[in-house]
Each structure stands twice: as structure tokens, then as C-alpha cells.
Amino acid sequence: MARDIVIKSAEDIEMARRAGQLAAEVLAMIEPHVVPGVSTEALDRICHDHIVNVQGAIPANVGYQGYPKTILTSVNQVVCHGIPSPDKILKKGDIVNIDVAVIKDGWFGDTSRMYFVGTPSVLARRLVETTYEAMLAGIRQVRPGATLGDVGHAIQSVAQREHFSVVREYCGHGIGRVYHEDLQVLHYGRRGEGRRLEAGMVFTIEPMLNAGQRDTRQLPDGWTVVTKDRSLSAQWEHMVAVTPEGYDVLTTWPGGTGAYAPI
């Protein structure tokens, strides 16, 4: 089998976990600031200062392929890669994904989660909670000998049960000393198909579900991706290592999962 996938040692995985935990800490730190009236630019500034001055880490997104900011803020119909802006003011009822990546001692940590700004609509809450459940279903398929198709099928099954669609243009990826390593984790698929998982693989699982159709389009800024039909979109992301026994989530939340089902 071709070794295009980087297999990590136990020591490597601990380094990846350290970076992953720092990224997760950023998401916990920013939660009280995600309120009506705040700009996504302000959230970006807070996250940047925390990563640099508190964590002593490097914001991985700044300058990555020309990206100008520390975090990605995807609000309502934005699927992914939303750029923080002083003009984007959060309002009651919004849902927002914040995606953060840090570098610590040469290792990347990458994770994202959804936030409610005030009280969301019934549909928005169901979409956000279903997307989390779908990510969880995918993670629980991870073990040596399973396939990436098993992971994608589990995610797709949860989405389709609730009549939501899975975005297909963007996927999870291998991660370690390189931000995006040679492994594509699709969030749809068939059981038994695709790459077989091995202990030591580390990758992200980050499904994007739309309340409407799965079709997307990129805005002229070259980054922001929105649903074509303007329907709501949600995303969650964790870093996962394949262990001899199953899986190990490297980006667990410092404060626990709250109302969400534990991994």
C-alpha cells in the first residue's frame, strides 16, 4: 500500500493533541463574546490576541493561501470560509460557525463549532443539532479496518433522516505537521468503500449540512462559500486519531459538551 498517508507515532499524536487542545480552548474562550451586536472582526481580534499572547501559539490561518484573518466566521447561509469583517454584526437568531487553527511546536490543531446568537429558530436549532449528531456518527465509525466510506455513510444517513443535504465540495483532511495532509474525508459515501483506516492516522471530520439543497457557490472575495438557495448551513469539526482500539478525539472541549451528546 502506498504510504502517501502520514502515520503518526504515539508521541506524534500527543503533539497533535496539544495543538488540538489549544484550538479547542480558543472556541471555549470566545463563546461568551458571541452575542448580538458584536462584529465578526471583533471576535477575530479576540481570538488572535488569545492565541498569540495567552497560548504562545501561532494563528495558522493568517496568510494561509492569502487568507487575511485568524478565524473563519460562517453565519447563517454561509457554508464555510466566511471572512471576519467589521461590517458583519451578529444579530439575535443568527447561527455562526467559528473555525480556528493554531500551530504549536510545529504541529497543527484545527477545530470548529456552532454557536447560537440569542434564541435560534426551530429549524436552525434542528440543523445545528443534527449536524453535531452527524459528526458524532462519523467519529464513532473510526477504527482500524473501517473505511472512509463507513464514516461518510454514517454522516450522510443522519443528515438524510432529517431531510438535510450534505455539502460535497468540501471535506475533512489529514493533519499533523502539515495543515492539510494527503487524506480526504468525504462526508457521504458507501459502507466498505474508500481508504481503510490504520492506527496512527490523524484527520478532521467536519460535515457541512444545509437545510435546503447541497449546492454552493463561492463569493467574489475568493473565500466565502454560501448555499445557492440561501438556506441555512451548519458545520462542526473535530480532529480524530485512529488508535489500535478505535478513535481518540484530539480537540475535546475544555468545558465538556454541555447539552450536546458526549463523544
Side-chain angles (χ1 to χ4, degrees), residues 1-30 43-74 80-81 83-84 97-113 135 138-139 142 144 148 151 170-185 195 197-206 223 235-255 263:
M1 158 178 171
R3 282 289 174 195
D4 52 331
I5 306 303
V6 180
I7 300 298
K8 276 79 171 175
S9 67
E11 293 76 16
D12 291 340
I13 290 173
E14 288 311 306
M15 294 299 289
R17 186 195 312 279
R18 187 180 179 202
Q21 285 300 131
L22 289 177
E25 184 197 350
V26 174
L27 295 183
M29 177 277 303
I30 200 64
L43 297 177
D44 186 81
R45 186 171 58 250
I46 294 167
C47 289
H48 183 277
D49 291 348
H50 186 82
I51 292 168
V52 173
N53 299 322
V54 177
Q55 296 182 338
I58 299 169
N61 289 323
V62 176
Y64 180 73
Q65 295 186 356
Y67 188 75
K69 298 293 183 178
T70 295
I71 59 176
L72 302 105
T73 49
S74 301
C80 59
H81 304 164
I83 304 174
N97 174 275
I98 296 180
D99 192 331
V100 65
V102 305
I103 307 169
K104 186 68 173 180
D105 298 327
W107 289 84
F108 285 80
D110 182 16
T111 184
S112 83
R113 63 157 298 174
M135 177 188 66
I139 290 172
V142 173
L148 288 176
V151 175
Y170 305 93
C171 60
H173 53 88
I175 188 169
R177 287 185 175 274
V178 175
Y179 195 170
H180 293 87
E181 287 183 351
D182 244 357
L183 185 69
Q184 291 193 331
V185 183
R195 167 78 67 165
L197 303 182
E198 300 177 53
M201 289 179 172
V202 176
F203 48 83
T204 67
I205 296 178
E206 47 183 300
W223 285 99
Q235 179 187 20
W236 297 81
E237 175 184 12
H238 270 309
M239 279 172 60
V240 181
V242 185
T243 69
E245 297 78 28
Y247 63 85
D248 187 1
V249 177
L250 306 182
T251 45
T252 51
W253 302 333
I263 297 169

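Numbering of residues begins at 1 and proceeds along the displayed sequence. Bear in mind the structure is a predicted one, so any value in this text is a computation, not a measurement.
Taking 4.5 Å as the limit, every side-chain heavy atom of M239 sits out of range of all side-chain heavy atoms of T111. Here the side chains of W107 and K8 are in contact, with some heavy-atom distance below 4.5 Å. At a threshold of 4.5 Å between non-hydrogen side-chain atoms, the residues W223 and K69 do not count as touching. Between V26 and I98, the closest side-chain pair of non-hydrogen atoms is not below 4.5 Å.
Nearest heavy-atom pair, P244 versus A199, reported as atom, atom and distance to 0.1 Å: N-CB, 3.9 Å. Scanning all heavy atoms of the two residues, the minimum distance from C171 to V185 falls at CB-O, 3.1 Å. Minimum heavy-atom separation, A24 to P254: O-CD, 3.8 Å.
Atom CG of residue L22 and atom CG of residue D105 lie 9.0 Å apart, to the nearest 0.5 angstrom. Taken from CD1 in I13 to OG1 in T243, the straight-line distance is 8.0 Å, to the nearest 0.5 Å. Annotation: the span from W253 atom CH2 to R113 atom CZ amounts to 4.5 Å, rounded to 0.5 Å. Here the NE2-OH distance, from H81 to Y67, works out to 8.5 Å after rounding to the nearest 0.5 Å. Note that CD1 of I83 and OG of S74 are 10.0 Å apart. Values are rounded to the nearest 0.5 Å. Within the model, atoms CD1 of I139 and CG of D248 stand 11.0 Å from one another, a figure rounded to the nearest 0.5 Å.
Judged by distance alone, the side chain of Q235 and the main-chain N or O of C80 form no donor-acceptor pair under 3.5 Å. Checked by atom type and distance alone, the side chain of K104 never pairs as donor or acceptor with a backbone atom of Q21 at under 3.5 Å. Looking only at distances, a side-chain donor or acceptor of T204 sits under 3.5 Å from a matching main-chain atom of H173.
Side chains of H238 and Y247: no donor on one and acceptor on the other come within 3.5 Å.
Crowding of Q55 atom CD: a count of heavy atoms from other residues, nucleotides or ligands under 6.0 Å exceeding 12.
Taking D99 as the reference, L72, N97, D110, S112, E237 meet the side chain to side chain contact (heavy atoms under 4.5 Å, CB included) condition, with sequence neighbours excluded. The side chain to side chain contact (heavy atoms under 4.5 Å, CB included) search around I103 returns I58, A60, F108, not counting sequence neighbours.
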Contacts table for residues 44-51: side-chain donor-acceptor under 3.5 angstrom, sequence neighbours left out:
from : atom 1 : to  : atom 2 : distance (Å)
D44  : OD1    : T70 : N      : 2.8
D44  : OD1    : I71 : N      : 2.9
H50  : NE2    : E25 : OE2    : 3.3

